[in-house]
Amino acid sequence: MNNSLELINITKRYLHGRIEVLAIDRVSLAMRSGEVLLIMGPSGSGKTTLLSMMGCILKPTSGKIKIDEQVVSGMGEAELPDIRKKYFGFVFQSFNLFPSLTARENIELLLRLKGFRKESIMDESQSLIEKVELSKRADFLPHDLSGGEKQRVAIARALSGDPMIILADEPTANLDSRTGKEILLLLRKNAIEYGKAVAIVSHDPKADAVADRIIHLEDGRIKE
Amino acid sequence: MLWLAWKTLLFEKVRFFITIVGIAFSTILVLTQIGIYLGMMGNATSIIRNSDADIWITSKNIQNFDFANPMPEDRINKIRAIPDILWADRLILTWGFLKTEGGGQEQVQIIGFNPDTGVGAPWAMIYGRPSDVKGGRYMVIDKSSEHRLGALIPNSVWELNKKRFKLVGISGGIVSFTTSPIIFMSYEQAQNFTEGFLEPNDTSFILGKLKDKKNINKVINELKKTMKDNDIFTKNGFMLKTIKYWTIQTGIGMGFFLTAILGLIIGGAIVGQTIYSNTMQHLREFGTLKALGAKNEDVYQVILWQAAMNATAGYLIGSILIILLKEGIEKSGVPMYMNFMIILVLFIVILLICLLSAYFSIMKIKNIDPVMVFRS
């Protein structure tokens, strides 16, 4: 089976004032469809930097990133937004929903961005809302939703347009234990039922239970 | 993106309301200044504009229509001698004092025209005909003078420079730049009674009509050679000369211009400030949009649509208010000119200023690093 996402010998250096920081040091990994990859590690180990590069938000200093066998690490700012739009769904720790849009509209926003036709947007958003079991709360604004409901909206948004890869950054950090577990199971369900490649960055020990594979990051390197 | 811009604007109703009130205020300020300026300039040139003449001959170095100097009236023969001239006629502009009912007096502008040809005659009559001034001490006064002169009753007798004149006509909407009431009378009467201003055979202007307008430059050059003691203008040239005088030499134009510019700056600053603070408040959302795959141009669209919506809503309210207030302003004696084209052009100007004021927000968006979305 082809890899959905492949990182080959990725390094990221950046300047912090005058000091050069090595955030990621020659990391290689691959993600396959239907698989949940858990990235763990202490604060400052480079987890978020790695996730940003996996999602084509941050460019590596060296190394190669391939998505669906296509090398994307050499692409410029003009092309990368389209790559993100086509291949990725993102779930953030702080949900990052638009406060002026209802749950349904937050999902519709991404569908519009992805160029869906007006008539299919409503059907698609309704189907996504049902997938995350939020039918009764679809027309509520984010400030009227609980943390768990907000994260469900974020997951539905991440799934819009059927991307190959879901990247979740600390998706349970702002949730209580029970809700956090539900969200992790929902991400797992998406990997299994819809064949998504899911990467989760988390400190949450409960995340182990949903992961097919766990990598530990320390000082920018994968620790076996 | 229009949809997102609209939703975000409406979500913060108080901010939206404050912004459109600011733009409406700016619109009212600018439209009032432009309207009053154009109204005043329209008044200053109304007699020139409403005459049927193609060329105006004045005394040398005249500053504007209202400051006419006398010149010998027989110079009209030089004009009539030119084969390209269809007709030529004389017009007197002078000043007098009209006694009012209470015993006071008002300075008035007197226009003496030829009632047989109607050249320089009042063009909008409420009562009577311009030709009624023929054959005696008869006059036409403009309706707009009523608030200064008292009621204008047809066939009432008035004292003008100690001579009795009968009111035989009332014109409508003919106002001088100086706001002095305008009185129309026959050329002969104006020439006879204005002692001190004009000599017996003097006139203020000679107006000419061409057989073919295409020859206007040729005729003007010819007249310039033979009438060295006079200035020769086209109709538009004389209007421009008058407008330039009042606008530039008196400083009136600068006053209006600065206030109008101030209005535009206020409008631009309000929108710029609102859009910028809005952008700063929603920076994370814009970063999220970029992370999710929106291009900078997509996010710019949200900002620009918001600026355009603010500008349109504020301008609409401001311009409707001005249209409603226009009549009241004019009734109070302040001239105001407004038409669709002025409203449209100013809308484009205000829209452009509002879009430009979004510049700093766009620069902010341009520099957002979408990595920020991973920071809690």
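Atom set for the values below is all heavy atoms of this structure, side chains included, hydrogens, waters and symmetry mates excluded. Numbered from 1 within each chain, the chains take letters A, B, ... in sequence-line order.
- Here the CZ-CZ distance, from A:F95 to B:R284, works out to 11.0 Å after rounding to the nearest 0.5 Å.
- Residue B:L289 touches chain A through both its backbone and its side chain, counting heavy-atom pairs closer than 4.5 Å.
- Residues B:A291 and A:F92 share a closest heavy-atom pair of CB-CZ, 4.4 Å.
- Of all the heavy atoms in A:L113 and B:G293, the pair that sits closest is CD2-C, 4.2 Å.
- Summarising the local packing, NZ of A:K64 is surrounded by 12 or fewer heavy atoms from other residues, nucleotides or ligands at distances under 6.0 Å.
- B:K7 pairs in a side chain to side chain contact (heavy atoms under 4.5 Å, CB included) with only one of the listed residues (A:T102, A:L109, A:L101), which is A:L101.
- For the pair A:R84 (side chain) and B:L292 (backbone), a donor-acceptor distance under 3.5 Å is absent.
- Comparing A:P99, A:A158, A:A173, A:G55 by how many heavy-atom pairs each has under 4.5 Å with chain B, the most go to A:P99.
- The neighbour count for B:W246 CH2, taken as heavy atoms of other residues, nucleotides or ligands under 6.0 Å away, is above 12.
- Here the CZ atom belonging to A:R112 is positioned 9.0 Å from the CG atom belonging to B:L2, to the nearest 0.5 angstrom.
- For CZ of B:F360, the number of neighbouring non-hydrogen atoms (other residues, nucleotides, ligands) closer than 6.0 Å is 12 at most.
- Taking chain A as the reference chain and counting heavy-atom pairs below 4.5 Å, the highest number among B:K290, B:H282, B:E285, B:E297 is found for B:E285.
- The nearest pair of heavy atoms linking B:A294 to A:P81 is O-CB, 4.1 Å.
- Atom NZ of A:K86 has 12 or fewer neighbouring heavy atoms from other residues, nucleotides or ligands inside a 6.0 Å radius.
- Within 6.0 Å of atom CD1 in A:I19, 12 or fewer heavy atoms from other residues, nucleotides or ligands are found, so the atom counts as exposed in its surroundings.
- For the atom pair B:L9 CG and A:S100 OG, the distance stands at 9.5 Å (nearest 0.5 Å).
- By the 6.0 Å contact criterion, CZ on A:F116 is enclosed, its count of non-hydrogen atoms from other residues, nucleotides or ligands being greater than 12.
- The number of heavy atoms from other shown groups lying within 6.0 Å of CG (A:D82) is above 12.
- With a 6.0 Å radius and a threshold of 12 heavy atoms from other residues, nucleotides or ligands, B:F257 has its CZ atom at or below the threshold.
- With a 4.5 Å cut-off on non-hydrogen atoms, A:E170 does not touch chain B at all.
- Taking the side chain as every heavy atom from C-beta outward, A:E108 and B:W3 approach each other to under 4.5 Å.
- The CG atom of A:L80 sits 10.0 Å away from atom NZ of B:K295, with the distance rounded to the nearest 0.5 Å.
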